[in-house]
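Quick notes on the structure that follows.
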Amino acid sequence: MAKNFYITTPIFYPNANPHMGHAYTTLSCDVLARYHRLAGHDTYFLTGTDEHTEKVIQAAKEHNQDPEKYLEDVVARFKNLYKDLNISYDQFVRTSDQTVHWPGAIEMWNRLVASGDIYKGEYSGLYCVGCEAFLTEKELVDGMCPNHNKVPERVTEENYFFRLSKYALKLEQIISSDTIRIFPAARKNEALSFIKGGLDDVSFSRPKEKMSWGIPVPGDPSQTMYIWVDALSNYITALGFGRDNANMRFWPGMHVIGKDILRFHAIYWPAMLLSAKIPLPHTIFVHGLITSGGRKMSKTLGNIVDPFTVMNEYGTDALRYYLARQVHPFEDSDFTMEKFKEAYNANLVNGLGNFVARVMQMAVVYLKEPVEITKETQPDVSVVAHLDAFEINKAIDGIWERIGHDDALIATKKPFSKIKSDKESERDEAITVIKKLVRELHAIAIELAPFMPETSEKIKKAVLNHKKPENLFPRKE
Ligand code: MSP
């Protein structure tokens, strides 16, 4: 039986248009999903939107729309981004979907209750609207939420609580023993430090009058489920948990998240699963954030680089290339149009594009028939190892090293001039080199498939049909 591979993006807040950060997370998952499919694994790739946020209500009001209509529009924009970016997701889950998502979220709540882990209490805390979460004093920096630079509001209300404290020891064991592998190590340590700092029980619901937009607590409609309880469940409700379990064979899977939501994924979610007696995810990859000009991308700072604009001008695979190779998977990376253009010209126009054109030009002119491609080469083992460690940038680096090596072969062996030699041996040698280069091109195309699927197809077709492809990456000023 084929190995199962299940990968998830965070589900995004649809209170604004998708930006480069969303594109990055989703592209990383897409590369891995495509690679596992090519390796013959039974693969399932989930993404979606986290819709029960007060921010949606606010944004809808600002646009004079009702939330449902507003959400339809934003979700359509996310789906357009995925279409343009060639994202091969299998399912797009929406937490407002009462058929797909709600039954499992309710089942999850009921299981927490059955384990004796939910109790009612009075809550007084500091609530950050940006995080949609209560923050502890310890988490504040200069009295402000470090993610949103805002002073949280003091709120006192009746809530249901989850006995997170009960799971502290168990979570510590699970994380330190790599039962859940958290990458990179710095994030694993950060998760362990959350536990060492002490885990208090957490509020898992809010009064309906404060939060009406959400899933009612089973048996007590005066309370609404806290957004993170609702949201985290998506990773299994989408597979049929609480309904038909149709795709539950894919669980447990792997989560890809930004470093901003580590606590929820490394602490809350595993504790909920332990309480509900459901297997734990095997891996959590935590990537850095994309900045622009050294600062967080934001509308107010005016430094947003819009993925649609980049793709309209440079094409899908140019953006896929940039995100996969030039963005560091674990550290914060800066995205500016200057850097993008530099990489585009150096590595796509002059690098890959030029190499493909030169090789196929020689092949078409000097070889009478297409080069026979005997075997569908598998990706190089080093690519495999890097992808398994989520080192997407290193995996693709290897492909460019190969291109560089092959380019050097053209320069040293000079098949373009030897082919015109008077000596038959030199002409034969030139033919051998050109054939080798064409086979290399095909092998490179195969390695490129998870990263740049369209380009990969175009190169394969050029080789098999023995013709020069269209200009893959037009030069831009
Ligand atoms: N809805 C929650 C997640 C719930 S998951 C059960 C949420 N949504 S979000 O819209 O704010 O998306 C957060 C995620 O989007 C980050 O964890 C990250 O994966 C991605 N990114 C958002 N901004 C980003 C950057 N500037 N750079 C890279 N990724 C970023 O939190």
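Atoms within each ligand, like the ligands themselves, are counted from 1 in listed order. If you read the sequence from its start, that first residue is 1, and numbering goes on from there.
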Review point. Is the backbone of E68 close enough, under 3.5 Å, to the side chain of D66 for a donor and an acceptor to pair up by distance?
Key: yes
Review point. Is there a donor-acceptor contact under 3.5 Å from the side chain of D97 to the main chain of V100?
Key: yes
Check your understanding: Backbone N or O of D117 within a donor-acceptor pair of the K166 side chain at under 3.5 Å?
Key -> no
**Study point:** Test item, P14 contacting ligand 1 (heavy atom, 4.0 angstrom)
**Key:** no
Point to revise | Residue pair R154 / S124, side-chain donor-acceptor N/O under 3.5 Å | key: yes
**Study point:** N/O donor-acceptor pair under 3.5 Å between E139 side chain and T136 backbone
**Key:** yes
Check your understanding: Would Y314 and Y322 count as a close aromatic pair, with their ring centres under 6.0 Å?
Key -> no
Practice item. Pick whichever of S28, G21, P18 has a heavy atom sitting closest to atom 30 (C) of ligand 1. Key: G21
Check your understanding: Does D260 approach ligand 1 within less than 4.0 angstrom via side chain, backbone, both or neither, non-hydrogen atoms only?
Key -> side chain
Review point. So, T455 versus D317: side-chain donor-acceptor pair below 3.5 Å or not?
Key: yes
Check your understanding: With no hydrogens and no angle check, is any side-chain donor or acceptor of S292 less than 3.5 Å from a backbone partner on N303?
Key -> yes
Practice item. Could you list which atoms of ligand 1 come closer than 4.0 Å to a heavy atom of Y235? Key: 5 (S), 6 (C)
Review point. L289 to ligand 1: N or O pair under 3.5 Å?
Key: no
Review point. Is it the side chain (CB and beyond), the backbone, both or neither of H19 that lies under 4.0 Å from ligand 1, heavy atoms counted?
Key: side chain
Check your understanding: Any idea which protein heavy atom is nearest atom 3 (C) of ligand 1, and the distance to it?
Key -> I11 O, 3.2 Å
**Study point:** Contact partition for I290 relative to ligand 1, non-hydrogen atoms under 4.0 Å
**Key:** both
Exercise for review: Select one of side chain, backbone, both or neither to describe which atoms of M20 lie under 4.0 Å from any atom of ligand 1, heavy atoms only.
Suggested key: neither
Review point. Which atoms of ligand 1 have any heavy atom of H287 under 4.0 Å away?
Key: 18 (C), 19 (O), 28 (C), 29 (N)
Practice item. Answer whether the closest heavy-atom distance between the side chains of F390 and F183 falls below 4.5 Å. Key: no
Review point. Closest non-hydrogen protein atom to atom 18 (C) of ligand 1, residue and atom name please, with distance?
Key: T25 OG1, 3.4 Å
Review point. Can you name the nearest heavy-atom pair linking I278 to W251, along with the distance?
Key: CG2-NE1, 3.7 Å
Review point. With atoms numbered from 1 as shown, which atoms in ligand 1 lie under 4.0 angstrom from a non-hydrogen atom of A231?
Key: 6 (C)
Review point. For ligand 1, which atoms have a heavy atom of H22 less than 4.0 angstrom away?
Key: 10 (O), 15 (O)
Check your understanding: For ligand 1, which atoms have a heavy atom of G288 less than 4.0 angstrom away?
Key -> 28 (C)
**Study point:** Backbone of T9 reached by a side-chain donor or acceptor of T47 within 3.5 Å
**Key:** no
Practice item. In sequence, state the C-alpha distance, the side-chain angles, and the governing distance for V93 and Y235, and then conclude on side-chain contact (heavy atoms from CB on, under 4.5 Å). Key: CA-CA 9 Å; V93 67; Y235 298 132; over 6 Å; no
Check your understanding: Please state which protein non-hydrogen atom is closest to atom 31 (O) of ligand 1 and give its distance, to 0.1 Å?
Key -> I261 CG2, 3.5 Å
Review point. Between F264 and ligand 1, which residue portion shows a heavy-atom distance shorter than 4.0 Å: side chain, backbone, both, or neither?
Key: neither
Check your understanding: G258 heavy atoms, cut-off 4.0 Å: which ligand 1 atoms fall inside?
Key -> 16 (C), 17 (O), 18 (C), 19 (O)
Review point. Near D50, which atoms of ligand 1 are under 4.0 Å from a heavy atom of that residue?
Key: 1 (N), 2 (C), 4 (C)
Exercise for review: Check each of W269, Y13, Y268, F12 against atom 7 (C) of ligand 1 and report the one with the nearest heavy atom.
Suggested key: Y13
